[in-house]
Amino acid sequence: MVASIATSAFFPASSGKSPLSKSANGSGETVKAVNFSTTPAAPSQSSRAKSAIEAVSKVEGYAAIEPDKVAPPLPSTPAPRTIYNQLPDVSFWLATVMAIVIAAADRHFTLPDWRPKRPDMLSDAFSFGKIVQDGLVFKQNFLIRSYEIGADQTASIETLMNHLQETALNHVRSAGLLGDGFGCTPEMTKRNLIWVVSKMQVLVDHYPIWGDIVEVETWVGSHGKNGMRRDWHIRDYNSGQTILRATSLWVMMNKLTRKLAKIPEEVRDEIRPYFFERMAIVDEDNRKFPKLEELNGNSAEKHLRKGLTPRWGDLDVNQHVNNVKYIGWILESAPMAMLEKHELAGMTLEYRRECGKDSVVQSHTTVYSDCTNSDRQDSASIHCEHQLSLESGANIVKARTAWRPKQGQNKGIVGTVSTAHA
């Protein structure tokens, strides 16, 4: 069979007998050769045919007689035209692709570095946070996102206050003091104690814009016999310029009875190693807040907003209204003309009572201008006295805010894009 295939490659098909025949007894007898009457082939072709016959004979045991003449091969006819043999030859491109894949696997070329080169976009800029300064200060960075800016194209005061609250809780967790409660130490959890803020003061130097990165530092310190102080300092991540400073006072409350409690010595021992006696605001606002009756008795401009109710998303894990929500309620009664032409420069809040999910709140604002000339009030500083109270009359929060005229410096990317599309 092999011999037939081999010889068919060199000799044309013939209807006669094969030029080779094996002996019946397999003794290697000579086999008669059939003479070809056709014209001999070229020497090169004859030589190749002869070599092929000799090779096959040796393999299968045939005794071959060299033919005198070798018939030339028949002229080849082209293959019929079909859709398959008309397709383009893609073997070159397949080879190229395979070479690239193999080179990539063997690391024969270097991939482009996708990591950003700007220092304000480093991958570690938005890490969870870290303890610095001998374990006494917690630092964390935040990116100002598009949904955190307001009509002024700057971050809202609620956004910055949320950053303060987030870093305070992350500080407790990083220090290993987070028990089963939310922001509670293990000893506080055993005694059903929680922290509640009693007073807070905030000073805002300027407001960041969309895309800015702010760096927040926070630390704690002692305050009297039954309190704790927590301070914050917010800076611009790139320039180091101060954005906001804040200080707050915290006391203990029993989670079950909702009454204030003394700090147990076991809890004090847990937090004392983390006290850092540094103040973010040296000149604290310790002025006494006026009563609502006193505010109603003067001739200053007054504004009232009734029927404010908390939503489910306004409650924290302790089932009372989040501290940041109070700021939004305070601004509900602020006059729109003031909000459009002034920005909040500072505020002091005094928390009197917690507010639950079924509470209905009233917001009172009394506006005092530092300028008696009404034509120049837009360029004058303003301060306000605020009160949040239940419909029953009980005070929830008292606040004092300071406002400065907007300088028109808050024209960021958003304003440019809006103008281009106008």
Side-chain angles (χ1 to χ4, degrees), residues 118-145 148-149 154-178 182-185 195-223 227-251 270-285 316 322-324 327 344-349:
R118 290 172 49 192
D120 59 332
M121 296 296 288
L122 295 176
S123 59
D124 60 350
F126 307 103
S127 60
F128 169 77
K130 57 184 178 180
I131 301 289
V132 297
Q133 297 191 20
D134 298 328
L136 301 177
V137 177
F138 179 79
K139 180 185 295 185
Q140 186 173 1
N141 300 333
F142 297 91
L143 173 68
I144 303 301
R145 306 183 186 276
E148 295 174 328
I149 63 175
T154 60
S156 63
I157 186 62
E158 290 91 343
T159 294
L160 299 179
M161 296 297 290
N162 281 326
H163 292 166
L164 302 186
Q165 183 169 284
E166 180 70 10
T167 52
L169 293 174
N170 289 339
H171 184 196
V172 176
R173 180 164 61 177
S174 297
L177 297 177
L178 190 63
F182 194 65
C184 302
T185 67
W195 288 111
V196 292
V197 60
S198 62
K199 188 176 180 179
M200 177 175 287
Q201 182 179 357
V202 178
L203 298 178
V204 184
D205 285 24
H206 73 278
Y207 289 88
I209 63 174
W210 175 34
D212 284 353
I213 301 176
V214 297
E215 181 182 76
V216 185
E217 290 184 349
T218 183
W219 60 93
V220 295
S222 61
H223 179 76
M228 182 184 71
R229 191 191 76 251
R230 176 175 286 278
D231 289 18
W232 294 270
H233 196 157
I234 301 182
R235 297 181 177 89
D236 185 275
Y237 178 79
N238 293 317
S239 65
Q241 184 179 2
T242 295
I243 295 176
L244 179 147
R245 293 172 294 144
T247 186
S248 59
L249 301 179
W250 298 73
V251 294
E270 285 180 318
I271 62 177
R272 185 182 292 114
Y274 300 94
F275 283 170
F276 186 34
E277 301 304 329
R278 186 181 77 179
M279 303 181 68
I281 300 177
V282 178
D283 299 328
E284 296 186 14
D285 185 2
D316 59 18
N322 188 286
N323 299 329
V324 179
I327 300 174
L344 183 64
M347 63 180 176
T348 303
L349 302 101

* Matching residue for Val216 among Asn141, Ile243, Leu244, Thr167 - test: side-chain contact (heavy atoms from CB on, under 4.5 Å) -> Thr167
* Asked: Which distance, rounded to the nearest 0.5 Å, do you find between the CD of Glu277 and the CH2 of Trp219?
  -> 11.5 Å
* For Glu270, which residues count as a salt bridge (Lys or Arg N to Asp or Glu O under 4.0 Å) partner, sequence neighbours excluded? -> none
* To do: Determine the minimum heavy-atom distance between Arg145 and Trp210, stating which atoms define it.
  => C-CD1, 3.7 Å
* **Minimum heavy-atom distance Met200-Ser248, with the two atoms named** => CE-CB, 3.9 Å
* Thr218: what forms a side chain to side chain donor-acceptor pair (under 3.5 Å) with it, not counting sequence neighbours? -> Arg230, Trp232
* Atom pair CG (Asn162) and OG (Ser156), whose distance is rounded to the nearest 0.5 Å -> 8.0 Å
* Working for side chain to side chain contact (heavy atoms under 4.5 Å, CB included), residues Val220 and Phe275 -> CA-CA 5 Å; Val220 295; Phe275 283 170; 3.9 Å; yes
* Hey, is the main chain of Glu148 close enough, under 3.5 Å, to the side chain of Thr159 for a donor-acceptor pair? -> yes
* What heavy-atom pair brings Pro273 and Leu136 nearest, and what distance separates the two atoms? -> O-CD2, 3.6 Å
* To do: Please step through side chain to side chain contact (heavy atoms under 4.5 Å, CB included) for the pair Ile149 and Thr154, ending with a clear verdict.
  => CA-CA 5 Å; Ile149 63 175; Thr154 60; 5.9 Å; no
* Closest approach of Asp205 to Thr242 (non-hydrogen atoms, all atoms of both residues) -> CB-O, 3.5 Å
* Nearest-0.5 Å distance, CD of residue Gln241 to CD1 of residue Ile234 -> 13.0 Å
* Structure fact -> On a heavy-atom basis, the closest approach of Ala246 and Leu164 is CB-CD1, 3.9 Å
* Heavy atoms, side chains only, cut-off 4.5 Å: are Glu284 and Lys199 in contact? -> no
* Asked: Looking at NZ of Lys139 and CD of Gln133, how far apart are the two atoms once the value is rounded to the nearest 0.5 Å?
  -> 7.5 Å
* Asked: Should Glu217 and Arg278 be marked as a salt bridge (charged side-chain N to carboxylate O under 4.0 Å, His left out) after you check the CA-CA gap, both sets of side-chain angles, and the distance that decides it?
  -> CA-CA 12 Å; Glu217 290 184 349; Arg278 186 181 77 179; 3.8 Å; yes
* Hey, what do you get for CG (Asn170) to NZ (Lys130), rounding to the nearest 0.5 Å? -> 14.5 Å
* **Any residue meeting side chain to side chain donor-acceptor pair (under 3.5 Å) with Asn323, in chain and number order, not counting sequence neighbours** => none
* Check the angle between the aromatic planes of His171 and Phe138 and answer parallel, tilted or perpendicular using the 30° and 60° thresholds. => parallel
* Asked: Nearest heavy-atom pair of Ile157 and Leu344: which atoms, and what distance?
  -> CG1-CD2, 3.9 Å
* If only atom types and distance count, is the side chain of Thr247 paired as donor or acceptor with the main-chain N or O of Ala280 below 3.5 Å? -> no
* Step by step, work out the side chain to side chain contact (heavy atoms under 4.5 Å, CB included) result for Leu160 and Tyr207. => CA-CA 9 Å; Leu160 299 179; Tyr207 289 88; 4.1 Å; yes
* Kindly write out the residues that satisfy salt bridge (Lys or Arg N to Asp or Glu O under 4.0 Å) with Arg245, not counting sequence neighbours, or none if the list is empty. => none
* To do: Kindly write out the residues that satisfy salt bridge (Lys or Arg N to Asp or Glu O under 4.0 Å) with Asp231, not counting sequence neighbours, or none if the list is empty.
  => Arg229
* Structure fact -> Distance col, row Trp195:CH2 vs Met228:CE, nearest 0.5 angstrom, shows 4.0 Å
* **Asp285 backbone acceptor or donor facing Gln201 side chain under 3.5 Å** => yes
* Structure fact -> Sorted by chain and number, sequence neighbours left out, side chain to side chain donor-acceptor pair (under 3.5 Å) with His223 holds for none
